[in-house]
Amino acid sequence: MKNLLLFVPFLIALFACNTQPEGYQISGTIKGAKGKTLFLASTSRVDSVIVDSEDKFVFTGKINEPDFLNLYFDRMNPILLFLDSTEQVSIESDFESFARTYTVSGSGTSEQILGLQKELYSTFNTLQQLYNDKMKGADSTNIDSLK
């Protein structure tokens, strides 16, 4: 009986440490966004929060299966996330360059999406620079063929 009494607190502590979160959480800081409305959209719903006085926000929710979510102030410039049902994701950004200069942690797939987007922006900028360089040196007779 004495051994059982010593074992019970151990079991309680063990189960308390192994509880899984009951859903996802997306939180973070967006410098310069105090008081602005931030949206989180999935295929089936849209949620919103007001960024607090310390430029912080938190979304919590439940999803039955992994899903893509868009985090945005402006629908034209969203941060694309891919979340599992219990991921705890952190976002850091600046309001002025929200979807261009953010960091994400807590979701491996969302981190990979960010890496891909950085590569795409870099490639686009290189192509844009090449185009601009060619157009500067072009004469008016062959501009259509360069385009």
Side-chain angles (χ1 to χ4, degrees), residues 1-136 143-144 146-147:
M1 179 73 168
K2 185 176 180 183
N3 289 340
L4 181 61
L5 290 176
L6 292 173
F7 191 65
V8 170
F10 173 74
L11 284 176
I12 291 171
L14 181 66
F15 285 115
C17 293
N18 286 333
T19 58
Q20 292 292 324
E22 289 201 22
Y24 67 82
Q25 177 177 306
I26 304 169
S27 62
T29 304
I30 303 168
K31 295 175 187 166
K34 172 185 170 183
K36 301 203 182 315
T37 303
L38 181 62
F39 297 92
L40 181 68
S42 68
T43 54
S44 60
R45 63 180 265 214
V46 176
D47 195 2
S48 66
V49 297
I50 303 293
V51 178
D52 73 15
S53 62
E54 295 177 358
D55 292 334
K56 297 188 181 302
F57 71 92
V58 176
F59 284 99
T60 57
K62 294 181 182 182
I63 52 178
N64 295 327
E65 57 189 34
D67 198 4
F68 285 100
L69 302 167
N70 283 308
L71 184 67
Y72 61 88
F73 290 101
D74 170 8
R75 288 184 188 188
M76 298 304 293
N77 297 302
I79 291 176
L80 179 62
L81 302 170
F82 186 80
L83 265 66
D84 195 347
S85 60
T86 59
E87 286 184 315
Q88 309 294 301
V89 176
S90 178
I91 304 284
E92 302 294 323
S93 190
D94 183 87
F95 179 72
E96 293 301 319
S97 58
F98 178 67
R100 291 186 318 267
T101 60
Y102 72 96
T103 61
V104 61
S105 60
S107 168
T109 304
S110 294
E111 291 171 31
Q112 290 175 333
I113 290 170
L114 173 58
L116 178 60
Q117 286 176 331
K118 285 182 179 181
E119 290 295 322
L120 289 172
Y121 287 140
S122 175
T123 301
F124 176 78
N125 288 335
T126 300
L127 290 172
Q128 188 68 44
Q129 186 61 46
L130 288 170
Y131 175 80
N132 291 341
D133 291 346
K134 290 292 183 186
M135 293 307 289
K136 283 180 190 173
I143 285 183
D144 286 337
L146 286 175
K147 286 181 180 181

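Interatomic distance, Leu40 CG to Asn70 CG, rounded to the nearest 0.5 Å: 8.5 Å. Rounding to the nearest 0.5 Å gives a distance of 12.5 Å between OG of Ser42 and CZ of Phe68. Atoms CD and CG, from Glu65 and Leu83 in turn, are 13.0 Å apart once rounded to the nearest 0.5 Å.
The aromatic rings of Phe73 and Phe95 stand perpendicular to each other, their planes meeting at an angle above 60°, with 30° marking the opposite boundary.
Remark: Glu96 pairs with Asp94 by the side-chain contact (heavy atoms from CB on, under 4.5 Å) rule, at least two apart or across chains. Applying the salt bridge (Lys or Arg N to Asp or Glu O under 4.0 Å) rule to Arg45 yields the partners Asp47; only residues at least two apart in sequence or on another chain are considered. Under the side-chain contact (heavy atoms from CB on, under 4.5 Å) criterion, Glu54 pairs with Asp52, Lys56, not counting sequence neighbours. Partners of Lys136 by salt bridge (Lys or Arg N to Asp or Glu O under 4.0 Å), not counting sequence neighbours: none found.
Listed by first and then second residue, the ring-ring contact (aromatic ring centres under 6.0 Å, His included) pairs that reach into residues 103-130 come to none, sequence neighbours excluded. Residue pairs meeting the side chain to side chain donor-acceptor pair (under 3.5 Å) criterion with at least one member in residues 106-116, sequence neighbours excluded: Glu87-Ser107, Ser107-Ser110.
Each of Leu69, Val58, Thr60 was compared with Ile26 under the side chain to side chain contact (heavy atoms under 4.5 Å, CB included) criterion, and only Leu69 meets it. Across Tyr102, Phe98, Phe39, a single residue satisfies ring-ring contact (aromatic ring centres under 6.0 Å, His included) together with Tyr72, and that is Phe39.
Residues Asp67 and Tyr24 have side chains not in contact (no heavy-atom distance under 4.5 Å, counting atoms from C-beta outward). Contact check for Thr37 versus Val49: no side-chain heavy atoms found under the 4.5 Å cut-off. Residues Lys36 and Ile30 form no side-chain contact, since every pair of their non-hydrogen atoms from C-beta on lies 4.5 Å or further apart. Taking 4.5 Å as the limit, every side-chain heavy atom of Val104 sits out of range of all side-chain heavy atoms of Ile79. Contact check for Leu38 versus Leu71: side-chain heavy atoms found under the 4.5 Å cut-off.
Glu22 places no side-chain N or O within donor-acceptor distance of the main-chain N or O of Gly61, the cut-off being under 3.5 Å. Not one N or O on the side chain of Asp84 forms a donor-acceptor pair closer than 3.5 Å with the backbone of Pro66. Between the side chain of Ser122 and the main chain of Lys118, no donor-acceptor pair closer than 3.5 Å is present.
Judged purely by distance below 3.5 Å, without hydrogens or angles, the side chains of Asn125 and Gln129 never pair a donor atom with an acceptor atom.
Of all heavy-atom pairs spanning Thr29 and Glu92, the tightest one is CB-OE1, 3.2 Å. Heavy-atom minimum distance, Ala99 versus Pro78: CB-O, 3.5 Å.
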